[in-house]
Amino acid sequence: MKVLGIETSCDETGVAVYDTEAGLRAHALYSQIALHAEYGGVVPELASRDHVRKLLPLIRQTLAESGMAVDDIDGVAYTAGPGLVGALLVGAGVARALAWALDVPAVAVHHMEGHLLAPLMEDDQSDPLRGRPEPPFVALLVSGGHTQLVAVDAIGRYRLLGETLDDAAGEAFDKTAKLMGLPYPGGPQLAALAGQGRAGAFRFPRPMTNRPGLDFSFSGLKTQVLLAWRDSDKTDQTRADIARAFEEAVVDTLAIKCERALDAAGCDTLVVAGGVGANTRLRERLTAMTAARGGRTCFPRPAFCTDNGAMIAFAGALRLQAGQREDASVRVTPRWDMATLPAV
Ligand code: ATP
Ligand code: MG
Ligand code: FE
C-alpha cells in the first residue's frame with residue numbers, strides 16, 4: 001500500500017510517500033522559518049497562507065521523486081491535530097479532496113502519534129542488527145509544544161505517565177536562546193553553542209527531580225539562565241558556558257525521569273521523538289542510560305525528529321492497513337488527547 005502523507009500542523013509543510021512493502025519512497029519538507037523570523041515566532045495566518053502556496057508543488061515534487069503518478073496512491077494520511085487550526089485545515093482540505101478525487105481512503109493522523117512512531121519507520125543506522133522497537137516500550141516525546149512520557153502498550157494504546165506543567169523542552173531551548181540574544185528559532189543554535197561551552201563553569205538545577213513523579217517543569221530553568229546571563233560579563237565564551245550548563249540540566253532532568261518511567265512501566269526499551277530528540281547530548285545520555293540497564297534507546301534519524309511528512313505517511317499507513325478511514329468531511333482537531341485514539 002502506497003500512502004501519501006501530509007503535515008501542515010505548524011510552520012513546516014511536509015509531504016512523503018510511504019510504501020508498506022518498500023518503505024519510505026520519497027519525502028520533501030518546506031520550512032517557513034524565514035517567514036516568521038522577523039516576528040520572533042509563528043504567525044498563524046501567515047503559516048496557513050504559506051501552506052496554501054507550498055503544499056501542491058511539494059506533493060508534485062514528492063511524487064516525481066518517488067517515480068510514481070498520482071493515481072498510484074492507495075491512501076492519503078494527513079495531520080488533523082493538534083496544531084494551528086488554519087494550518088491544519090489546509091492539509092486536511094487538500095488531503096480529503098485528493099482522496100475523494102482518486103477514490104482512495106483518507107485517514108486523520110495525530111501529530112504526536114506521528115512523532116512517536118517515527119522511530120519505528122526505519123532501521124536504526126547506529127544499531128541495525130537489533131531491529132525496530134516493538135511495544136511495550138516507553139516513549140519520551142520532546143518537541144516544541146510537548147514534553148511527555150508515554151507508556152506504549154501497543155500501537156494506538158497510549159497511557160500518559162507524565163508531562164510538563166509549563167514550558168515544553170523545545171520551547172525552553174528556544175526561549176533560553178532568545179534571552180541570550182540568539183536569533184529565532186534558537187533551540188538548535190543554543191545546542192550548537194553548548195558544544196563550545198566548558199564543563200562546570202555554570203550549574204543549574206534539575207527541576208522536580210528531588211521528589212517522586214514523572215512530570216516536568218522547565219520555565220524556572222529559563223529564569224535561572226536569565227539571572228546568570230544578566231549578572232555575567234556577557235562574552236561569547238560565557239554564553240557558550242551557560243548554554244552548556246542549560247543543556248546539561250535539561251538532558252539530565254529528562255534522563256532521570258526516563259529512567260524512572262522505565263522502572264514504573266517495567267521495561268527497558270525507550271523510544272525518543274520530537275525535535276529535541278535531535279539533540280546530540282540527549283541522544284548520548286539516553287543511549288548510555290538504557291545500555292547500563294541492558295536495554296536500548298531508539299531514535300529516528302535527526303531529520304525525522306523535527307516535523308516531517310514521512311512520520312505522518314507512516315503512522316497513516318499503519319492505521320489505513322488496520323482498516324481505519326475518515327468520512328468525506330474535512331475535520332480537524334486542534335486540541336487532541338492521544339490517549340483517546342483507537343488501538344490499531
Ligand atoms: P509539537 O510537535 O509539540 O507540536 P513542533 O512540531 O513545533 O511542536 P518539533 O518540530 O518536533 O516541534 O521540534 C521543534 C523543537 O525542537 C524546537 O523547539 C527546537 O528548538 C527543538 N530542537 C530542534 N533541534 C534541537 C536540538 N538539536 N537541540 C535542542 N532542541 C532542538
Ligand atoms: Mg516546527
Ligand atoms: Fe511536531
Side-chain angles (χ1 to χ4, degrees), residues 5 7-14 29-37 40-44 46-47 50-51 79-85 87-88 91 109-119 139-148 150 163-164 167-178 180 182-195 197 216 218 221-222 243-244 246-251 253-254 272-286 299-312 315 332-338:
E7 156 64 36
T8 63
S9 69
C10 189
D11 61 344
E12 255 110 26
T13 318
L29 187 78
Y30 175 79
S31 172
Q32 304 178 354
I33 281 175
L35 175 71
H36 301 291
V42 177
V43 183
L46 294 183
D50 219 36
H51 286 306
T79 304
L84 302 170
V85 64
L88 290 167
V109 173
H110 190 292
H111 181 79
M112 298 312 295
E113 182 181 52
H115 276 304
L116 191 156
L117 295 178
L140 171 69
L141 302 178
V142 268
S143 56
H146 296 78
T147 298
Q148 297 183 327
V150 179
E163 66 182 331
T164 183
D167 291 351
E171 189 180 1
F173 263 90
D174 295 333
K175 287 178 173 173
T176 300
K178 189 173 182 175
M180 289 203 292
L182 297 179
Y184 168 87
Q189 295 191 50
L190 190 76
L193 205 57
F216 304 91
F218 291 112
L221 202 48
K222 189 181 60 198
R244 169 147 185 182
F246 168 81
E247 187 182 71
E248 279 177 351
V250 173
V251 167
T253 304
L254 292 171
V272 182
V276 185
N279 185 274
T280 308
R281 191 180 304 275
L282 181 68
R283 292 170 88 95
E284 288 169 0
R285 181 80 157 78
L286 294 178
F299 301 90
R301 57 167 121 155
F304 292 159
C305 284
T306 43
D307 290 348
N308 64 87
M311 67 186 195
I312 303 305
V332 297
T333 315
R335 297 176 68 88
W336 191 1
D337 179 358
M338 217 167 55

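Each residue takes its place number in the sequence, starting with 1. Hydrogens, waters and symmetry mates are skipped; everything else that's a heavy atom, side chains included, is used. We count ligands from 1, going down the list as the structure has it; atoms in each ligand are counted the same way.
- Panel detail: the Mg ion (ligand 2) has protein N, O or S atoms under 2.8 Å away, 2 in number.
- Here the closest heavy-atom approach between residue Met112 and residue Ser143 is recorded as CE-OG, 3.7 Å.
- His110 places a side-chain N or O within donor-acceptor distance of the main-chain N or O of Trp336, the cut-off being under 3.5 Å.
- Asp50 pairs by the salt bridge (Lys or Arg N to Asp or Glu O under 4.0 Å) definition with Arg53, not counting sequence neighbours.
- For Thr8 (side chain) and Ala87 (main-chain N/O), a donor-acceptor pair under 3.5 Å exists by modelled atom type.
- Judged as a side-chain hydrogen bond (donor to acceptor under 3.5 Å, both in side chains), and not counting sequence neighbours, the contacts of His115 are His111, Asp307.
- Ordered by chain and residue number, the residues placing a heavy atom less than 4.0 Å from ligand 1 are His111, Met112, His115, Ser143, Gly144, Gly145, His146, Gly170, Glu171, Phe173, Asp174, Gly187, Pro188, Ala191, Gly274, Gly275, Val276, Ala278, Asn279, Cys305, Thr306, Asp307.
- The N, O or S atom of Asp307 with the smallest distance to the Fe ion (ligand 3) is OD1.
- A pairwise comparison of heavy atoms in Glu247 and Arg281 identifies OE1-NE, 2.6 Å as the closest pair.
- The distance between the ring centers of Phe246 and Phe173 falls below 6.0 angstrom.
- Contact of the His36 side chain with the Tyr184 side chain is registered, since non-hydrogen atoms from C-beta on lie closer than 4.5 Å.
- Not one N/O/S atom of His146, from backbone or side chain, sits under 2.8 Å from the Fe ion (ligand 3).
- Residues Pro119 and Pro300 meet the side-chain proximity criterion, which asks for heavy atoms closer than 4.5 Å.
- Contact of the Met180 side chain with the Leu190 side chain is registered, since non-hydrogen atoms from C-beta on lie closer than 4.5 Å.
- The nearest pair of heavy atoms linking Ala315 to Gly114 is CB-CA, 4.2 Å.
- Among the atoms of His115, an N, O or S atom falls under 2.8 Å from the Fe ion (ligand 3).
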